[in-house]
Amino acid sequence: MLPRTFFLFELLFHLLAGQPTQVGYQVGTGIADITGPIVQIMMMGYAKHGQTGQGLAQRLYSRAYTVLDPVSGNRITIVNTDTQSMGDIVKQRVVSSLQEIYGEDVYTEKNIMLASTHSHSGMGGFLQYTLYEISVLGWIEETVQPMVQGIVKSIQIAHDNLQEGNVVYNLGELLDTNINRSPSAYLLNPEEERARYKHNVDKDMSLLGFRARDGQPLGLITWFPVHGVSINNTNRLINGDNKGFAAYAAERTMNPDSLPGKGPFVAAFTQSNGADVSPNTLGAFCTETDIPCDGSRDSICPGSSKCIGRGPGWKIGHFESNRIIGQNQATRALELFGQKRKGKAIPASVSASASTSASVPVPISVQGKVDFRQKYWDITKEVVITANGTKGLLCDPAMAAGTTDGPAIDGFYQNTTQGTFFWDIAKDLVKKPTQRQKECQAPKAILLNTGEIKYPFDWQPKILDVQLLRMGNVYIIGVPSEFSTMSGRRLRRSVRQNLIAQGLGNNDTVVLHTGPANGYASYCTTFEEYQMQRYEGGSTPYGPYTLDAYIKVFGELVSSMASGKPILDSEQLPNYVNASYDFSPRQGADRPKLFHQFGDVVRNVAPVYRRRKALTITASFVAGNPRNDGMLDKTYLTVEYRQPSSGDWKIIKTDDDYDTRFIWRYTMPILGQSEATVEWDCGEDTPAGFYRLGYFGHHRTPYTK
Ligand SMILES: *[C@@H]1O[C@H](CO)[C@@H](O)[C@H](O)[C@H]1NC(C)=O
Ligand SMILES: *[C@@H]1O[C@H](CO)[C@@H](O)[C@H](O)[C@H]1NC(C)=O
Ligand SMILES: *[C@@H]1O[C@H](CO)[C@@H](O)[C@H](O)[C@H]1NC(C)=O
Ligand SMILES: *[C@@H]1O[C@H](CO)[C@@H](O)[C@H](O)[C@H]1NC(C)=O
Ligand SMILES: *[C@@H]1O[C@H](CO)[C@@H](O)[C@H](O)[C@H]1NC(C)=O
């Protein structure tokens, strides 16, 4: 039986939209696991030497949303992945797998957008350009294959779930969750432009909510800029950072009876213009002191202390900061969706009045045409006309100091490279920039002249995937670069103005910014911010007019959509995978500890725990290397509870739960002996009873490949 409130809800937003009920969309959501190798492989994001995986804190997922307009037959698919970014080859492989299943016209590189949470705690090896391979030791098929497989699976599930449904849009402020980590660069933007905005980062969360025709909640996607660096570079456990946690928390609330990653409600938290946006909301301080710093040479920390951002839970630890920043996003998303905590649907208006936060606006129904434009675009060939009418050239890529991929505020001084792992490898391969390149990139002090080295192949992309999706009056931009706050605002504003000028948009038109998406091309700042060459400006590879080039190409995408004509000048994406290397460590055969078998307990739990406060329960097992099987959509560990009534064991926790950890290590690497440890933070609210911990793994015998 349907709760009456569902009908109320649907009625409400049809009235709000001020139009008669019309044929809605077909909508479908899907989720699948993309966790790759959880040990031995370098993690992607900080490029910190030795930051290889040692286990799992949370699984990584692909979350897919398909909207089909039955009138035109057009469909778009938005996918969000718990990754640092997306690989252009990953997208190509996803599309070709889908085309093998559904034929050539259903899913293409044009109507699928692969977005990313920008977590810095996933595994590396999925970006094909040398610069991004160096820090993770290559192109790693072991990472790529489960990623492609999981993304395809999530899209197939969304495809199979397609049903008549509704999409709503909502927008609301979310405070205390992000700050600008380069405010001095932001201040270089013109005063009258800054005056249009209340904050120096975007604090609005935008949401698309999906419901079945009968009102049943299917899922949501949010856009909110905040870097995925809540978990710092000392972490060795794979996880999706704050947006991964937000998705987990929102899905746990909406699917209270399912294990994580298994419920019908799918919640995605995509990244937006967050290049200069940190989750370390307390600001940056010199370690061991309370001296504020900003990572520049003007505020060098005393002695050996480092300038490091502090998250809201820093006194407890970074996993606590991550939980807070993630939970803030999850809570706000559910409010904007019009959903109360207990998983029960309520009318949006009631939700608004019940909320304590500033305001919960009422969701607006999204109706109308579905359309899409995309092209592979050579940014380096672009020429723009600057504000003062002169020509602005785009450059071959180059990076300045501090290209450590470690956000300045999170541990590195601006304009410093010496002694970093990355620089030690890269410096001997780097060519001196030509005069032309120096002038083009000025005032960048080029350290990595990536655009002029061809060995062994391109170091950074020149061909970028740019994409514009439309769903009624909501337009979604997809860019492979991390855009600074003001860059994102300028691009959105220009797209919106173009849409209005070309007759597609009106005053209610919404433009959302997704990035990094569909590939990875480092940063994009405004011309003014670029002049300062902080980390974000120094990592803007194509020179001071990078943003202006993006604005220009999106003008073309809008024109093409307005005229109904296809894009004809798309370039060919290069593929260097066959020429790439994989220097990541191999895994050998596994052998059990002497006089033991695989799976034997080597350190047991205590027979009884008398609980006064929260405690951590652990056990260790004779293990095989987890790389033998990534356990996609499965788990390396379980916590089970014996039900008093039946005596049956019920799984209550998996390796995806935030209060469990799976940790693996070699005890005797030469012999291939290893140990897996299962940890469970047993909260104060855990009922008394019988529990058991389980470990699941595979071993490889000496004679298999
Ligand atoms: C990372 O976080 C841990 C736990 O909160 C903390 O002990 C450590 O100092 C942090 N390190 C860096 C480099 O931020
Ligand atoms: C305007 O032109 C001058 C040179 O003619 C150039 O130096 C300056 O950077 C230009 N300004 C912008 C915003 O492009
Ligand atoms: C970066 O550092 C070098 C020397 O360490 C200095 O010459 C240069 O001016 C600095 N650049 C900026 C933009 O601060
Ligand atoms: C759109 O917004 C502009 C600026 O706020 C206003 O002048 C104009 O009247 C609005 N147009 C409509 C149709 O509401
Ligand atoms: C890579 O090599 C495989 C096997 O030799 C081949 O089938 C494939 O076409 C090659 N891909 C490219 C992009 O050259």
Side-chain angles (χ1 to χ4, degrees), residues 43 45-51 54-55 57 87-97 99-100 109 119-121 126-129 138-141 144-145 148 181 227-237 239 241-242 245 278-295 301 303-326 376 402 404-413 416 419-422 456-458 461 463 519 535 571-582 616 658 661 663 679 681:
M43 291 160 85
Y46 293 115
K48 188 192 166 204
H49 184 45
Q51 198 198 2
Q54 285 182 344
D88 49 11
I89 296 300
V90 172
K91 178 167 176 181
Q92 204 175 53
R93 288 194 188 174
V94 165
V95 169
S96 64
S97 298
Q99 291 184 338
E100 276 170 29
E109 68 280 1
S119 165
H120 283 50
S121 293
F126 54 90
L127 297 178
Q128 66 162 333
Y129 301 94
W139 171 267
I140 303 171
E141 283 290 334
V144 176
Q145 286 173 13
V148 170
R181 70 181 189 193
H227 241 76
V229 292
S230 286
I231 304 287
N232 71 34
N233 63 15
T234 62
N235 167 57
R236 308 286 290 274
L237 302 181
N239 71 83
D241 210 83
N242 62 63
F245 182 84
S278 174
N280 295 319
T281 49
L282 303 188
F285 296 85
C286 300
T287 45
E288 318 276 310
T289 75
D290 285 322
I291 305 170
C293 54
D294 76 347
C301 286
S304 60
S305 93
K306 289 194 164 113
C307 183
I308 289 186
R310 283 181 187 167
W314 74 283
K315 283 193 175 157
I316 299 174
H318 53 173
F319 275 85
E320 176 63 7
S321 294
N322 188 61
R323 192 192 62 73
I324 295 168
I325 298 294
Y376 290 116
T404 49
D405 230 356
I409 212 169
D410 293 294
F412 297 94
Y413 285 109
T416 307
T420 64
F421 167 58
F422 181 85
F457 41 79
D458 281 355
I463 312 283
Y535 181 76
E571 306 261 352
Q572 181 78 35
L573 187 70
N575 185 334
Y576 301 118
V577 170
N578 282 356
S580 68
Y581 301 87
D582 176 358
T616 299
Y658 205 58
R661 286 171 298 279
I663 300 157
E679 295 187 356
D681 296 331

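Counting convention: from 1, in listed order, for ligands and their atoms alike. Just so you know, these numbers come straight off a predicted model, no measurement behind them.
Residues F457 and P574 are not in side-chain contact: their nearest non-hydrogen atoms beyond the backbone lie 4.5 Å or more apart. The shortest side-chain heavy-atom distance between E320 and I324 falls under the 4.5 Å cut-off. The shortest side-chain heavy-atom distance between R93 and N575 does not fall under the 4.5 Å cut-off. Using a 4.5 Å heavy-atom cutoff, the side chains of N233 and M43 are not in contact.
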Discussion item. Walk me through whether E141 and D582 qualify under side-chain contact (heavy atoms from CB on, under 4.5 Å).
Written reply: CA-CA 8 Å; E141 283 290 334; D582 176 358; 5.9 Å; no

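If you check the gamma sulfurs of C293 and C307, they are less than 2.5 Å from each other.
Using the six-membered ring where Trp is involved, Y576 and Y129 have ring planes that are perpendicular, over 60° apart on the 30 and 60° scheme.
More than 12 non-hydrogen atoms from other residues, nucleotides or ligands lie less than 6.0 angstrom from CD of Q99.
Nearest heavy atom pair, residue N235 against residue F319, reads OD1-CZ, 3.7 Å.
Near G317, meaning under 4.0 Å from any of its heavy atoms, are these atoms of ligand 1: 5 (O). Interface atoms of ligand 1 facing I308, defined by a heavy-atom separation under 4.0 Å, are 12 (C), 13 (C), 14 (O). Close approach of ligand 1 to T234 (heavy-atom distance below 4.0 Å) involves ligand atoms 1 (C), 11 (N). For ligand 1, the atoms lying closer than 4.0 Å to a non-hydrogen atom of N232 are 1 (C), 2 (O), 3 (C), 8 (C), 10 (C), 11 (N), 12 (C), 14 (O).
Considering backbone and side-chain N/O of N233, none are found under 3.5 Å from N/O of ligand 1. In terms of polar-atom proximity, defined here as any N/O pair under 3.5 Å, W314 makes no such contact with ligand 1.
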Less than 3.5 Å apart, N/O on ligand 5 and N/O on the protein: could you list those pairs with the distances?
| residue | atom | partner | partner atom | Å |
| --- | --- | --- | --- | --- |
| ligand 5 | 2 (O) | N578 | OD1 | 3.3 |
| ligand 5 | 2 (O) | N578 | ND2 | 2.3 |
| ligand 5 | 11 (N) | N578 | ND2 | 3.0 |
| ligand 5 | 14 (O) | N578 | ND2 | 3.4 |

